[in-house]
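So the structure is just underneath, and the comments pick up after that.
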Amino acid sequence: MDQLLADKYKLLKEVWGYTTFREGQENVIDRVLATKDSLVIMPTGGGKSLCYQLPALMMDGMTIVISPLIALMNDQVAALKSAGVQVAALHSNMTKSEQIDVDTQLQKSQIKLLYISPERINSTGFTDYLAKFQISLIAIDEAHCVSVWGNDFRPDYVMLHKVRDRFTSVPFIALTATADAATQLDITKQLHLQEPEIFISSFERKNITTESRPAEQKYRQTVEFLQKTENQSGIIYCLSRNETEKLSAKLVSAGFNCAYYHAGMSPVERSKVQKEFQEDKVRFICATIAFGMGIDKSNIRWVIHYAMPKNLEGYYQEIGRSGRDGSPARALLFYSWGDYIMLKRFIDDSQATEEYKTVQYAKLDRMWEYASANECRTNLVLNYFGEYRTKPCRHCDNCIHPPKSKDATVIAQKALSAIIRCNENVTINTLIDVLRGSYRAEIREAGLDKIKTFGAGKDISYINWKIYITQLINQGYIRIDYTDGFKLKATPLTKLVLFEGVSVQLVDISMTDLEIEKTTPHRKKQKLHEGLMLKLREWRSEMATKQQVPAYVIFSDQVFENIVAKKPLIKTDLLNIEGIGKVKYEKYGDTLLAIIRGYMSEQVEVKNVKGQTYIETFNLLQKGLNPKQIAKQREITEATVYGHIAYLYSNDEYVDILAYVTHEEITAVNNAWLKCSKQMALAPIAEYMEAPLEFHKMRLALAYIVKELNK
Ligand code: ADP
Ligand code: ZN
């Protein structure tokens with residue numbers, strides 16, 4: 001078992017470059033290795049793939065992965081290939097010769113992971129074909145597609161139980177991000193899973209900071225947000241196709257690099273947009289909810305909901321597309337009564353049964369409660385999905401900046417009194433106009449400029465009135481009558497405020513940006529980070545285009561962030577970066593080091609970066625200077641330069657150490673070193689030497705000896 005444990009971690013670092021497992025992964029992997037069935041429910045980005053990919057590499061034989069979307073499948077295959085894994089795919093979008101190629105590899109047992117589309121595995125005779133090979137594990141990705149209850153039902157998935165029945169002794173693992181109990185049960189039943197253990201991870205997405213703002217001046221707010229997030233990729237979700245096009249056009253003319261996407265576009269147009277986004281050529285997309293399923297872009301840094309979605313399921317799934325690489329991401333939701341009303345009309349006008357409509361109305365209400373909440377938003381969503389907890393999440397706006405409520409009884413009295421004096425016959429907008437004393441024609445014609453509270457709220461801006469009234473609605477002091485043109489009505493609580501001295505607390509929502517980044521270090525350092533990040537991204541984008549793969553297949557943003565944070569200048573430090581595995585290191589390590597070194601050496605004012613001084617020496621050595629010349633040029637002692645050479649050599653940099661110390665000298669040092677029981681300090685070694693050497697030579701010799709021992 002200890003060996004197994006060691007192997008798991010070794011593979012994790014070698015192939016994926018990671019040193020620890022994410023929550024839940026290890027338990028699932030152990031279950032799979034024990035050849036038992038599992039059902040894994042993990043949020044998007046939780047790290048499901050590793051749960052079958054890692055065991056696949058540890059078990060004898062080949063793992064079959066069934067995955068519904070060819071584009072996703074191709075990306076996964078590309079990513080694994082680039083990490084040095086023997087992997088292939090079989091689906092209907094391949095040429096005959098590509099398929100023959102895969103068959104040849106299979107016959108030679110050269111495949112550890114085989115991705116297959118459900119149509120393909122269900123095709124006649126295919127399981128017989130597979131049965132000829134040794135199969136270690138069968139993984140069913142997006143397993144909720146088996147369930148008719150969900151939106152993603154695929155008839156081909158229903159047939160998969162036949163595969164299960166055919167390979168009864170092979171462990172099955174079904175994976176999905178869809179949580180609800182009905183779907184879980186359905187998956188287990190339909191796929192004939194054998195006493196599966198069900199692993200359910202928390203659906204909290206800790207790396208996503210959620211935020212919700214009233215939609216006032218949302219265009220301006222959006223532009224500010226886009227400026228602040230500079231080059232980061234994102235999605236702006238809009239409610240209608242028309243809006244995606246209009247907003248995108250407006251933002252393009254404002255100088256942003258974006259495009260739009262909706263289901264009304266031709267498949268060719270759609271895949272073009274998707275591809276450009278995936279390759280980081282388009283920074284963000286204004287899209288309807290049609291955009292999502294099928295994009296596997298792990299470096300989406302933000303999602304804006306330009307309007308409120310119709311339910312929390314959709315919302316959570318959409319924001320979940322950001323930050324799949326685990327790096328910080330932001331989700332900004334704009335909400336307004338306008339959205340609410342529109343969404344409600346959609347339900348009203350739909351052909352659905354009354355029963356179905358009732359459920360949809362309730363879901364919409366929960367969405368509204370979420371959007372306008374003053375307490376921890378994450379808890380609200382988690383509770384909605386049945387994961388009850390109360391501790392604050394610390395990554396939503398309400399946790400980061402707890403809203404401060406104030407006594408707003410007078411404000412409430414003005415609004416409530418105006419509603420009554422307007423005979424409960426005004427909409428929210430008209431009410432605000434009355435409170436603010438607008439002489440609009442409609443108001444004069446209705447005689448509303450004559451009532452007592454006309455102009456009583458001049459000192460409060462339109463936006464703030466809207467925010468206050470929204471809160472009064474949420475607290476039950478006002479009701480919106482959907483059956484009467486969305487007019488505002490009094491409730492049983494109204495008179496408590498107007499006549500019985502009940503006080504009201506309201507929250508002042510500041511319209512300024514959530515200042516999460518306020519704690520950033522000083523500007524110079526920030527600039528340095530950004531510059532290096534830009535260089536790395538440029539290189540990655542070139543590589544991605546050349547290899548025709550999404551950028552993240554080369555390296556994820558998270559890896560680049562780790563690099564930028566540590567700025568490794570020598571090989572061993574680079575290899576220690578989280579997310580850099582052996583194969584990737586061998587493929588790209590030198591190039592990365594060249595980029596980092598090149599960039600760092602241009603930064604005159606930067607000192608104190610770990611390893612910088614060694615690299616300066618290294619660069620001069622490569623230019624052909626000798627230690628004496630280097631010492632002079634760098635204004636350091638020669639002994640220091642030799643120290644650098646020893647360090648570089650020990651850390652696998654190419655330096656010709658034998659140019660500075662001879663084999664005889666090394667042997668002499670070695671003998672003395674053994675005599676003083678391998679102490680690493682130079683003084684004791686010197687004592688055991690017959691003819692003392694200069695210290696710097698001893699240091700070089702010692703570096704040589706230790707390296708030889710480690711070989
Ligand atoms: P899911 O399929 O659950 O949406 P993925 O399997 O695509 O998620 O993983 C999401 C991201 O998390 C990927 O970028 C993956 O490389 C990364 N990841 C997975 N496991 C780990 C881990 N143990 N340590 C660090 N990153 C991980
Ligand atoms: Zn919170």
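For this chain, numbers begin at 1 and follow the sequence in order. Ligands are counted one by one from 1 in listed order, and the atoms in each one are counted from 1 as well.
Here atom 23 (N) of ligand 1 lies nearest to Thr20 when heavy atoms of Thr20, Asp75, Leu50, Thr19 are compared. Around atom 5 (P) of ligand 1, the closest heavy atom drawn from Ser49, Gly46, Gly323, Pro43 belongs to Ser49.
From the protein, the heavy atom lying nearest to atom 9 (O) of ligand 1 is Gly47 CA, 3.5 Å. Counting only heavy atoms of the protein, atom 17 (C) of ligand 1 lies nearest to Arg22 NH2, 3.4 Å. Taking atom 15 (C) of ligand 1 as the reference point, the nearest protein heavy-atom neighbour is Tyr18 OH, 3.6 Å. For atom 11 (C) of ligand 1, the nearest non-hydrogen atom of the protein is Arg324 O, 2.9 Å. When only non-hydrogen protein atoms are considered, atom 19 (C) of ligand 1 lies nearest to Gln25 NE2, 3.7 Å. Protein heavy atom in closest approach to atom 14 (O) of ligand 1: Asp325 CA, 3.8 Å.
Counting only N and O atoms by type, the side chains of Glu578 and Thr19 include a donor and acceptor under 3.5 Å apart. Side chains of Ser67 and Asp141: a donor-acceptor N/O pair is absent below 3.5 angstrom, by distance only. At a cut-off of 3.5 Å, with distance as the only test, no side-chain donor of Glu197 or Ser38 sits close to an acceptor on the other residue. Looking only at atom types and distance, the side chain of Gln190 has no donor-acceptor partner in the side chain of His161 under 3.5 Å away.
A salt bridge is defined here as a Lys NZ or Arg NE, NH1 or NH2 lying under 4.0 Å from an Asp or Glu carboxylate O, and Glu211 with Arg213 meets this definition. Glu542 and Lys546 are not joined by a salt bridge, as no carboxylate oxygen comes within less than 4.0 angstrom of a charged side-chain nitrogen. Salt bridge absent: Lys535 and Glu538 never bring a charged side-chain N and a carboxylate O closer than 4.0 Å.
Taking 4.5 Å as the limit, some side-chain heavy atom of Met62 sits within range of a side-chain heavy atom of Ile64.
In summary, the atoms of ligand 1 found under 4.0 Å from a heavy atom of Phe21, numbered by their order in the structure, are 23 (N).
The Zn ion (ligand 2) lies under 2.8 Å from an N, O or S atom belonging to Cys399.
Rounding to 10 degrees gives 110° for the angle at the Zn ion (ligand 2) between SG of Cys396 and SG of Cys393.
For ligand 1, the polar-atom distance check finds no N/O of Met42 at less than 3.5 Å from any of the ligand's N/O atoms.
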